[in-house]
Visitor: 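Have a look at this one before I ask anything.
Excluded from the calculations below are hydrogen atoms, water molecules and symmetry mates; all remaining heavy atoms, backbone and side chain alike, are included.
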Amino acid sequence: MTKLERAVTLSLFVLYLNTVSGCELFGRFNMPSLFKQGDIMIGGIFPVLNKEISGTFTFESEPPGVKCAGFDLRAFRWTQVMIFAIEEINKDPALLPNISLGYRILNSCASPTNTLRAALTLASRPEEIELTSPCPPAISALIAESGSSQSLAVAGTLGPFQVPIVSYFSTCACLSDRAKYPTFFRTIPSDYFQAKALAALVKHFGWQWIGAIQSDNDYGRNGILAFTEEVRKLGVCIEFVGTVLRTYTTDKILDVVEMIKYSTAKVILAFVPEGDFYPLMKEIVKQNITGIQWIASEAWITATRPSTPEIYQAFGGALGFVVQKMAIPNLKAFLTSISPYAEPNAAFVRDFWEIMVGCKPVSPGEDTSTEAMNEICTGNETLMNSQDVFFNITQLRVSYNVYKAVYAIAHALHQLVFCQPVGENTLRPCLDISEMQPKQVTDHLQSVNFRNQFGDDVFFDVNGDPPASYDIINWQLIDGQVQHVTLGQFSSAANGDHKLSIKEEDIVWRTGKMVPISVCSNVCPVGTRKAQIKGRPTCCFDCIPCADGTIANSTGAADCTPCPQEYWSNERKDECIPRTTEFLAYHEPMGIALTVVSLLGASLSLATMMIFIHYRETPVIKASNSELSCFLLFSLFLCFLCPLTFIGKPTVWTCMLRHTAFGVTFALCISCVLGKTIVVVTAFKATFPGNKLAGKFGPAQQRIIVCSCTLVQIMICVLWLKLNPPFPNMVFKYSNMKIVLECNTGSEAAFYAVLGYIGLLAIICLVLAFLARKLPDNFNEAKFITFSMLIFCAVWITFIPAYVSSPGKFTVAVEIFAILSSAFGLLLSIFAPKCYIILIKPEKNTKKHVMGNNFNKKI
């Protein structure tokens, strides 16, 4: 069991004995107090002295009283504001008429254990009055405390007895737990809202990498925890968390200083009370650590002690949140009237006077022999003309919270005693003050809701918290003095939304004119993405260029976005640009060359046909079967025109036409060649006696062979177009920057069936022509057909692997080359020798020469 837990157990036991045994008092804590008797008593606990001097206990005798040091002027002003508000209420005829409020104010030494002593003292009979009844009135409510750890001790001790506690400066979100602290209220917003405000500030300025300093108590630990939870949602990382406390040794303070010196964070949040933070501030100034932008919690941003030009050297430009300020009228006159001569026994007043006036006040009859004469006050000193910041009532923030706490308790007591709100005609009390129970005060305090003289609505939510509203404070050095300049506001709505408004142009930054940058890694530029560094926080990352085909068009991108299929990334990887489309066009060199060759072949076919028609009565033409030759030339003409459908941008119609036209025209061509081959074979066989083949294979049979062979190909093409026709297709696999437009065959089986059928006809022609190659004739056409078929088969055999392996538009070029090569092979092999005789060697264009000498001899 810890020291604090033992103290809490003892306090509960003492309170229990007080309740059941007629308020018997077993002992007292010797604690100085500010006291005034009233019909209803209100307690107050303030850290007027902010450091407890620890001693060594032997446990052989009763330990001495607690000794405290470090007079805190700000906390002393809080006590005076409480007294001022109570006296103001006592003079108000509308608020608690004919009922006086009294007070008893104790010092906490900013220590949870001493705060607990003060709470126990307030729960017992006041020492300042005579015992006139078995149970004199205890406090009806308590205003305490500034530190969250101290408030936790008080709320945990007095909460089970339903004593209402109103804090003016305890912000720990843990105190909003109604199950643990059912009677705790406060007039300052919870750290839950301050954490949201600080996170909103960090987000507003884009700080991603920050350090944190916390106090080693509930206020600091819970504050940093709430802040961490908020900024984690925003992707902000905390590099380090240093811990300080006013009672820490110098070595521990130096450890935190070293942590700050070697940190890469340029923004540091200090969630620390002023008393705990001040030793670290002095050490930072001593070691001249500058260039850091400090963010402050409300506990120190407006504190008087650190607001000096010396501290400003390292902490100038600090930003923080504080509750709204207010100027309380008539308070200055009340503060300047404080005097040790008016109430010589009043606690803390003599210490205050020594600090303000610089001399020791002496009461009548007090021994002054040990004091130096220049240190003793004359009694004529006054505070009326003092310019000390203590008397500046225009910047009251925490003091205003104390003021609101007193008035909230007064309004709750008024509703409890008179059963109606303040302002209505009060007839008479509905409750005897002596019968007042703390739980009743707590219930009425929960429901209190009024608008004070400054226009502020005072009320508490279900957790005892007030509405959240903050001013944004910036430390600025004006005329050699540190000023807390208000530059914006933060307000939180009931639905969870918040609004942050700030005048950026008026901010004074410690790091210069520009907003400081605090990141672990610089923001990734466009065209790159974040890559997490193993073992480091999420804010520390490398920037990796986007892969091809992906982009990042904004800075700090977590991932690269793939481009649509028709687009590709540019060189900077920050924009998707349309891919260039590629197809075999008429205007490019390859397209022009193939077009010229195709038209040349078609022209040669027409010219040859004209020659055959013109010389149709000559022996050479008659011997070569003029009808089949014209059919063949016509089919070759179509074959030469067929490549034109392969050139140009593929469309639905051109894709269907190019493959079917190619298949049909070449089937017609090879069918004609097959007919000529059969004619040659039968013609020579018919010269033998008794052979009737020539009569059985006349023109009609030739036409039937040509038409039937072509019709088979036509049927294949019709089925192809009907079931799975060719279609234009975009191919992306050949190049990242290009889209190849090509005709997809639709059905590979149909495409190869067309080629296979043409190949079958060609092989039949080749076999028949090869068998007839040695027939007697000077003009044996079978030799030319054999040669032409060899060329045709060689071209198309080599076409298949070239077609499969050629990328993009070269696939089309290969197919066109195969068509033109095989067509020229047929044209030149079969018709060039005939045209040579007809045009150049007309003397050989005779029947005798055509039939040949060998044939005549056999005859």
Side-chain angles (χ1 to χ4, degrees), residues 195-212 227-239 263-269 291-293 295 319 472 487-488 490 492 495-507 509 511-581 730 732 735-739:
K196 286 185 174 293
L198 291 168
L201 184 70
V202 169
K203 177 184 177 182
H204 180 80
F205 290 111
W207 296 323
Q208 298 289 322
W209 186 241
I210 63 176
F227 174 76
T228 303
E229 291 177 353
E230 288 296 326
V231 296
R232 187 179 291 120
K233 302 173 187 175
L234 306 175
V236 178
C237 302
I238 297 179
E239 181 183 7
S263 167
T264 58
K266 299 301 180 183
V267 176
I268 299 178
L269 166 66
I292 294 174
Q293 177 61 45
I295 306 176
L319 287 173
I472 301 175
L487 294 179
F490 175 89
S492 182
N495 60 0
D497 293 336
H498 63 262
K499 180 181 179 182
L500 176 70
S501 58
I502 186 169
K503 301 175 184 176
E504 287 190 47
E505 65 278 5
D506 296 335
I507 296 177
W509 301 104
T511 54
K513 295 288 185 182
M514 302 297 293
V515 177
I517 297 173
S518 186
V519 294
C520 180
S521 300
N522 291 323
V523 178
C524 289
V526 294
T528 63
R529 64 172 180 85
K530 296 179 182 178
Q532 188 64 44
I533 302 175
K534 188 175 181 180
R536 298 293 304 277
T538 55
C539 299
C540 302
F541 48 81
D542 290 327
C543 295
I544 304 299
C546 291
D548 290 339
T550 63
I551 64 164
N553 55 9
S554 61
T555 58
D559 292 297
C560 298
T561 305
C563 291
Q565 195 174 31
E566 292 81 10
Y567 292 79
W568 196 252
S569 55
N570 61 359
E571 290 186 5
R572 294 183 57 201
K573 303 294 192 303
D574 62 349
E575 183 183 3
C576 289
I577 56 176
R579 299 195 199 197
T580 57
T581 55
M730 292 187 294
F732 303 93
S735 172
N736 293 331
M737 299 299 296
K738 295 179 181 179
I739 302 175

Visitor: Kindly say whether Lys233 contributes a backbone atom to a donor-acceptor pair with the side chain of Glu229 at under 3.5 angstrom?
Guide: no
Visitor: Would you say the side-chain atoms of Arg579 pair up with the backbone N or O of Glu566, donor to acceptor, closer than 3.5 Å?
Guide: no
Visitor: Check whether any side-chain N or O of Glu239 sits under 3.5 Å from a backbone N or O of Gly211 as a donor-acceptor pair, and report yes or no.
Guide: no
Visitor: Could you tell me the separation between the CZ atom of Arg232 and the CZ atom of Phe227, rounded to the nearest 0.5 Å?
Guide: 11.0 Å
Visitor: Determine yes or no for a side-chain-to-main-chain donor-acceptor pair under 3.5 angstrom, with Thr555 supplying the side chain and Val523 the backbone.
Guide: no
Visitor: Take atom CG of Asn570 as the centre, draw a 6.0 Å sphere, and report whether it contains more than 12 heavy atoms from other residues, nucleotides or ligands.
Guide: yes
Visitor: Is the SG-SG separation for the cysteine pair Cys539 and Cys520 below 2.5 Å?
Guide: no
Visitor: So which heavy atom on Val231 is nearest to which on Ala199, and how close?
Guide: CG1-CB, 3.8 Å
Visitor: Would you find a donor on one side and an acceptor on the other, under 3.5 Å apart, between the side chain of Thr550 and the backbone of Pro562?
Guide: no
Visitor: Side-chain contact test, heavy atoms from C-beta onward, threshold under 4.5 Å: evaluate it for His204 versus Ile502 and give yes or no.
Guide: yes
Visitor: Please confirm whether Trp568 and Phe732 have ring centers closer than 6.0 angstrom.
Guide: no
Visitor: Hey, does Phe205 have a side-chain heavy atom less than 4.5 Å from the side chain of Ser518?
Guide: no
Visitor: Are any of the side-chain heavy atoms of Trp209 and Pro537 separated by less than 4.5 Å?
Guide: yes
Visitor: Is the side chain of Ser569 donor-acceptor paired with the backbone N or O of Gly549 at a distance under 3.5 Å, no angle test?
Guide: yes
Visitor: Decide yes or no for Ile544 and Lys530: does some side-chain heavy atom of the first lie under 4.5 Å from some side-chain heavy atom of the second?
Guide: no
Visitor: NZ/Lys503 to CD/Glu505 distance, rounded to the nearest 0.5 angstrom?
Guide: 8.0 Å
Visitor: Mind checking the CD1-CG spacing from Ile210 to Leu198? Nearest 0.5 Å is all I need.
Guide: 9.0 Å
Visitor: Using 0.5 Å steps for rounding, measure from the NE2 atom of His498 to the CZ atom of Phe490.
Guide: 5.0 Å
Visitor: So how far is it from Arg529 CZ to Cys560 SG, rounded to the nearest 0.5 Å?
Guide: 6.0 Å
Visitor: Rounded at 0.5 Å granularity, tell me how far CD1 in Ile551 sits from CZ in Arg572.
Guide: 11.5 Å
Visitor: Hey, does Leu201 have a side-chain heavy atom less than 4.5 Å from the side chain of Leu319?
Guide: yes
Visitor: For the backbone of Cys540 and the side chain of Gln532, can you confirm whether one donor and one acceptor N or O come within less than 3.5 Å of each other?
Guide: yes
Visitor: Any heavy-atom pair between the side chains of Val526 and Asn553 that's under 4.5 Å?
Guide: no
Visitor: Is there side-chain contact between Trp207 and Ile295, with heavy atoms separated by less than 4.5 Å?
Guide: yes
Visitor: Kindly indicate whether the side chain of Thr538, heavy atoms from C-beta on, has any atom under 4.5 Å from the side chain of Cys237.
Guide: yes
